[in-house]
2 protein chains.
Amino acid sequence: MPLKNTGTEQLIKDTTKRLIFAEGKLHATTQEIADAAGVNRTSLHYYFRSRDLLIAAVFQEAMHGLSERLNQCMVSAKPFKQKVEFLIEVFLKDMMAFPYQETFMVTEINTLGKQLVGNIDSVPVKSFLSEVQQEMDSGNLKAMPPSQFLMNLFSLLSYPLIMAPLYKQLFQLSDGAFDELITARKTMIMDLIFNSKS
Amino acid sequence: MPLKNTGTEQLIKDTTKRLIFAEGKLHATTQEIADAAGVNRTSLHYYFRSRDLLIAAVFQEAMHGLSERLNQCMVSAKPFKQKVEFLIEVFLKDMMAFPYQETFMVTEINTLGKQLVGNIDSVPVKSFLSEVQQEMDSGNLKAMPPSQFLMNLFSLLSYPLIMAPLYKQLFQLSDGAFDELITARKTMIMDLIFNSKS
DNA sequence: TTTTATTTTAACATTTTTGTTAAACAAAAA
DNA sequence: TTTTTGTTTAACAAAAATGTTAAAATAAAA
């Protein structure tokens, strides 16, 4: 552990996170990262040993943060509907700040594989899924396997953001107009999920 | 144009398509592709000049095919609901045969950018979107911007497949069990999209 | 102040992958 | 058969990226 902590290690991680997850430089080289952080490329190796380990550290940190925030939503004391509403807000906010985080996850989903799911605490997810089941039993939600409900929710939230460049082109939208479209989805998704006839 | 067509060019394209889109070797090197096709690596350059051009050719061919099949659905004479049902079937079938096609698209969405949308014929999409608007006007569909309807449909179809490795882990499912989950989504998506209260 | 541990850097080495050249090969046309 | 055209290959070259070593710089501790 560093006695003389100069903050370089965190600077490198933060810079990598910004480059890859916010600016979309998914294949940023060690040189590009070092330049952006204003340090010598060797420092990356000094602190993280290899490029792969740096990326892994950054990704783990990001996933852990997001996972923690989502878990707070899932286990909060709010009524179910408010809980989902809050979850949508938290998730959308994160995704708009780091638009390429999920894209990166998709590209690395095979290499990271099981390690990825290891970063997700399954307890809050399971508790959330059983709450979904309860809501279905009481007729507040259309009956379906709770896993499908969860996939629906995240599909509707994530996919348009992942495909943003495509949809902007297809619908001929400016960045601002597209952001409005995404923001409008919050209530739309709530509607779609909660107001379906059984 | 080759006088002595030995089929090597198409063999290389088909092998690349299989490696990348079906087997998920998203970063396959020219050597790996050549080996898989059983040809010398130089042949790749002879026919396509560079790796990038090969990939571009393969991707364009794949997108064009899918786009054509989707367009056939969109402009078919069927009633709206059957049309959507057919579209879901065609799309799911394609995605299950080439599970990494869309993942690849996500990763290359920035580099390919506008060129990508160029491969999509906008006429059938526009005609489909106006048909969606009609259905909303007649009260058969919950009112919302047609672009949102389209994004919802493709979100619900695509995202679970893109994230398959994650969901298999998270829900502890075998490949077979996951396939069932996906197959079950067909009717579930129809339900969700058509049976929402206005 | 000297010593010590940590941090940072420059120079070098290696690996990985792509791209090029020129020659060998094969088959149809002259 | 020889010529021509197209195809395939081996050997070489170059580029791009990562990883290593050893020395210089820095700041705290003795």
Side-chain angles (χ1 to χ4, degrees), chain A residues 1-21 23-61 100 103-104 107-108 110-113 115, chain B residues 1-21 23-61 100 103-104 107-108 110-113 115:
Chain A
M1 304 308 132
L3 283 181
K4 173 163 63 163
N5 189 334
T6 53
T8 305
E9 181 168 2
Q10 195 59 44
L11 171 68
I12 292 172
K13 280 202 273 190
D14 290 346
T15 306
T16 307
K17 191 178 177 189
R18 174 170 59 79
L19 274 184
I20 296 185
F21 298 151
E23 296 176 18
K25 310 246 168 78
L26 297 187
H27 301 309
T29 64
T30 51
Q31 189 62 64
E32 286 168 323
I33 295 171
D35 288 351
V39 302
N40 190 288
R41 194 171 60 83
T42 317
S43 294
L44 269 62
H45 288 97
Y46 175 70
Y47 287 108
F48 303 96
R49 292 227 334 270
S50 76
R51 182 185 189 277
D52 280 0
L53 287 173
L54 165 61
I55 302 288
V58 169
F59 185 67
Q60 182 156 332
E61 199 171 276
Y100 294 92
T103 300
F104 180 82
T107 68
E108 304 298 284
N110 291 294
T111 34
L112 298 172
Q115 187 223 325
Chain B
M1 306 305 136
L3 281 181
K4 176 163 56 162
N5 189 336
T6 52
T8 306
E9 182 168 2
Q10 194 59 43
L11 171 68
I12 292 172
K13 280 203 273 189
D14 290 344
T15 305
T16 307
K17 192 178 176 189
R18 175 171 57 79
L19 275 184
I20 296 185
F21 297 152
E23 297 178 16
K25 309 245 169 78
L26 297 186
H27 302 309
T29 64
T30 51
Q31 189 62 64
E32 286 169 322
I33 296 172
D35 288 351
V39 303
N40 190 288
R41 195 171 59 84
T42 317
S43 294
L44 269 63
H45 289 97
Y46 175 70
Y47 286 108
F48 302 96
R49 292 227 333 271
S50 76
R51 183 186 187 277
D52 280 0
L53 287 173
L54 164 60
I55 302 287
V58 169
F59 185 68
Q60 182 155 333
E61 200 171 274
Y100 294 92
T103 299
F104 179 82
T107 68
E108 304 297 285
N110 290 294
T111 33
L112 298 171
Q115 187 223 327

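Below, chains carry the letters A, B, ... as their sequence lines are ordered, and counting in each starts from 1. These figures come from a predicted structure and were not determined experimentally. Below, each value reflects all heavy atoms present in this structure, side chains not excepted, and no hydrogens, waters or symmetry copies.
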Once you round it to whole Å, what is the distance between [atom2] of [N] and [atom1] of [X]?
X	N	atom1	atom2	value
Glu9(A)	dT8(C)	CD	C1'	14 Å
Ile55(B)	dT17(C)	CD1	P	14 Å
Gln31(A)	dA15(D)	CD	C1'	15 Å
Leu44(A)	dA17(D)	CG	P	15 Å
Asn40(B)	dA24(C)	CG	C1'	13 Å
Asp35(A)	dT8(C)	CG	C1'	15 Å
Ile33(B)	dG19(C)	CD1	C1'	15 Å
Phe48(A)	dT18(D)	CZ	P	15 Å

* **Touch class at under 4.0 angstrom, heavy-atom based, for Thr42(B) against every strand present** =>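 It contacts base atoms.
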When you get a sec, tell me which of [options] is the closest nucleotide to the side chain of [X]?
X	options	result
His45(B)	dT20(C), dT8(C), dT9(C)	dT20(C)
Tyr46(A)	dT8(C), dA10(D), dG19(D)	dT8(C)
Arg41(A)	dG19(D), dT7(D), dT9(D)	dG19(D)
Thr29(B)	dA10(D), dT17(C), dT8(C)	dT17(C)
Arg51(B)	dG19(C), dT9(C), dT8(D)	dG19(C)

Under a 3.5 Å threshold, yes or no: a donor from one side chain and an acceptor from the other, between Ser50(B) and Asp52(B)? no
inquiry  = If you compare every side-chain N and O of Tyr47(A) against the phosphate oxygens of dT8(C) (OP1, OP2), does one of them come in below 4.0 Å?
reply    = yes
Requested in this report: Determine: side-chain N/O of Thr8(B) to OP1/OP2 of dT8(D), distance under 4.0 Å, yes or no.
Outcome: yes
> So, Glu32(B) side chain and Thr29(B) main chain: donor-acceptor pair closer than 3.5 Å or not?
Replying inline: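 Here the side-chain-to-backbone pair exists.
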With a 3.5 Å distance limit and no angle check, can you tell me whether Gln60(A) reaches the backbone of Ala57(A) through a side-chain donor-acceptor pair? no
**OP:** Could you grab the distance from atom CZ of Phe48(A) to atom OG1 of Thr30(A), nearest 0.5 Å is fine?
**Re:**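 Separation between the atoms: 13.0 Å.
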Pairing partner of dA30(C), by Watson-Crick or G-U wobble and under 3.5 Å for both distances, is dT1(D)
Run the numbers on Lys13(A) and Glu61(A) for salt bridge (Lys or Arg N to Asp or Glu O under 4.0 Å), then give the verdict. CA-CA 9 Å; Lys13(A) 280 202 273 190; Glu61(A) 199 171 276; 2.9 Å; yes
